[in-house]
Number of protein chains: 2
Amino acid sequence: MKTSPSKITIVEVARQAGVALGTVSRVLNNDAHVAPETRERVNAVIQELGYVANRQARGLRNMKTNVVGVLVPDLASSYIGQILHGIDSELALNRLELMLFTTHRAPVKEAAYVASMVQGMVDGLLLVLPRNFEDYMGTLARHNFPFTLIDHQGTGSPCPAVGTTNRQGAYSATEYLLGLGHRRIGFITGSMELGCSQERLDGYHSALRAFGLPDAPELVYEGDFRQTDGYAGASALLDLPEPPGAIFASNDLMAMGAMDAARSRGLRIPEQVSIIGFDDIPQAAMLRPSLSTVQQPLEEMGRAATRMLLGLMKNPQEQAARLELPTRLIVRDSTAAPGG
Amino acid sequence: MKTSPSKITIVEVARQAGVALGTVSRVLNNDAHVAPETRERVNAVIQELGYVANRQARGLRNMKTNVVGVLVPDLASSYIGQILHGIDSELALNRLELMLFTTHRAPVKEAAYVASMVQGMVDGLLLVLPRNFEDYMGTLARHNFPFTLIDHQGTGSPCPAVGTTNRQGAYSATEYLLGLGHRRIGFITGSMELGCSQERLDGYHSALRAFGLPDAPELVYEGDFRQTDGYAGASALLDLPEPPGAIFASNDLMAMGAMDAARSRGLRIPEQVSIIGFDDIPQAAMLRPSLSTVQQPLEEMGRAATRMLLGLMKNPQEQAARLELPTRLIVRDSTAAPGG
DNA sequence: CGAATTTATGGAAACGTTTCCATGATATTA
DNA sequence: TAATATCATGGAAACGTTTCCATAAATTCG
């Protein structure tokens, strides 16, 4: 074994195979115009030398990178992790690489940051849960750069995006509680600057209205998706003069906090208070009692968005579409009829 | 605004600034040999055109990519997320990009996969929790390719690696429980094929021995880091004829399962049974009762490993070092003296 | 069997940078 | 002031590919 076999290029392969370097390239790209025996000989040399094409040179020549950029707000939550997983597996199918960017990296000039990746760093961009998308939307549009939004509520102008039926999911969950016989249902919101939080609240309200129930603003607590918000929210709700018999938290983490709050008041779940969440994180099934919730197809969101982006990369003129994946009500042990 | 300003290259900048393209390059790279006024003029044009250097061309010329590859087993757990966060922020400081790879992407020829990234795709590699590292260790070494292992117990040959003091952490936790007066302490292991699990078990055993306690194999339950393992393990331990008064789970997730198991038996925590975990995931502090645990500096691990890799990238001949970051015992409400 | 057509291959240009070398201009020194 | 050192800049080569064009060989067909 040689000590430094790092410098094996296409020309070295050509030399050893006794052909022109153009021919080697043709072999690599499965060009039809290569004699079978030549192809075989070249492939043998490639194998022997362990040659692998330099991506930079290839990218420079082809004007593309075979890399897709993914911009995420953070990495802590498994929520993002699951979406990333879906993206990753779909990219792998298409032999594309994933370059990861986090929003907080460039707090000042996010727009300039995006501009730089647009210029030859990646071939397309997936924006997960973008917060101030308006800042760089212009840059992307101007460069005609392929991108897709994940879990972001459009801001008027139609953008390619993938989301879930937040409103419908919240509606179903509320409807389910109402069907059990609950009439006072508390609601803990997510971060209200996010479209998905607003939609969930809207779904909750719609279901109540559909059942002819009056508005009860005291039953809505504004949270921010953190477990402690769930605890605080449920505490506030349960300490009301006329406390709710069921609590709907806008995500599972807050539902867990709500469970803690109920328990610390000596309330049994679900006999004395029902609790339902949103997301269906892996832990939801493992809690005691296991948590009823609204499942979001996170991984599938990643996959779908990636497929959409790939379509855009092939054909940039393609019509911008907004895809809404269905949520699903998962009934477990944390919900029951009141006084059950 | 032009319709397609995508093609602004260094030569266009040079033309508009009335200089040779070499001069523009010098400006870009802060070469000292440029007259201040020329520099200013060129910068103005760069600004105006919104020029940004093509990474591929730059990489091709410089024989490097300014991209660091990170190979992770999966993305679901927040454990990986925190390490990634540390890596990411340290890379950002050094203006490097992060390319993410997941192990399961290439189930068959992992080694060939690594070989390909070694060839010009990235400048260095961070391997998080690698499972069958031996397969491609050879490739990396042969190419003299810079890499650093994160949370992997060396397999004999000395490799640059960053880990935590698993043994010491487990020792401290056990010692703490012993100090409270506990004498029967149950232990739930992690996945025993991982070095860190073995080290934690070892720390537990050492502490018991240091206190002159006899071996009690029935108090050790083999788990696999999942919450359900914690539930099953704690159930088994608590159903022993002589159940332990404290349970030490090898991670927080299993500790949560153990808490559920204790509660479902009507046991109060910590009065009737103490429970302690490992990791200090964000949720640990929010549980009721809040979970005592051994904190791992995950983010710092990512940072430290990145720094180590950067050193190796600068100077490939650097001595392989193994860095162990200290764990820290976090006492919360889930542990107390027996019968307290 | 010669002309036309297809096919395999060699050679060269191009992608957008960086860096080396050369050159002319300016500053320094004897 | 002449010789020399310093400096800014232009020009060109090189990085490793892909692809176009040309050419030579092989095949088809009248």
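Values reported hereafter were calculated over all heavy atoms of this structure, with side chains retained and with hydrogens, waters and symmetry mates removed.
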Measuring only between side-chain heavy atoms, which start at C-beta, is [X] closer than 4.5 Å to [Y]?
X        : Y        : answer
B:Leu100 : A:Val70  : no
B:Leu98  : A:Thr102 : no
A:Arg39  : A:Asn30  : yes

Seminar exercise, completed: The contact string for nucleotides 10-16 of chain D, one letter per nucleotide 5' to 3', using protein heavy atoms under 4.0 Å with B, S and - for base, sugar-phosphate only and none, comes out as B--BBBB
Exercise. With the threshold set at 4.0 Å, does a side-chain nitrogen-carboxylate oxygen contact exist between A:Arg303 and A:Glu299?
Worked result: yes
For this session: Report yes if a side-chain nitrogen or oxygen of B:Thr38 is closer than 4.0 Å to either non-bridging phosphate oxygen (OP1 or OP2) of D:dA8; otherwise report no.
Result: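 Checking B:Thr38 against D:dA8: no side-chain N or O falls below 4.0 Å of OP1 or OP2.
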Exercise. When you measure from the side chain of A:Asn54 to the backbone N and O of A:Gln56, does any donor-acceptor pair fall under 3.5 Å?
Worked result: yes
Problem set entry | A:Asp123 side chain to A:Val68 backbone, donor-acceptor under 3.5 Å |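 Checking the backbone N and O of A:Val68 against the side chain of A:Asp123, no donor-acceptor pair under 3.5 Å is found.
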Exercise. Using a heavy-atom distance cut-off of less than 4.0 Å, which residues of residues 28-37 of chain A contact DNA chain D?
Worked result: A:Asn29
For this session: Send over the distance from A:Asn66 CG to D:dT18 P, rounded to a whole Å.
Result: 11 Å
For this session: Can you label the angle between the A:Phe133 ring and the A:His152 ring as parallel, tilted or perpendicular, going by 30° and 60°?
Result: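 Perpendicular, since the angle between the ring planes exceeds 60°.
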Exercise. For the atom pair CG (A:Leu126) and OG1 (A:Thr306), what is the distance rounded to the nearest 0.5 Å?
Worked result: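 The distance works out to 5.0 Å.
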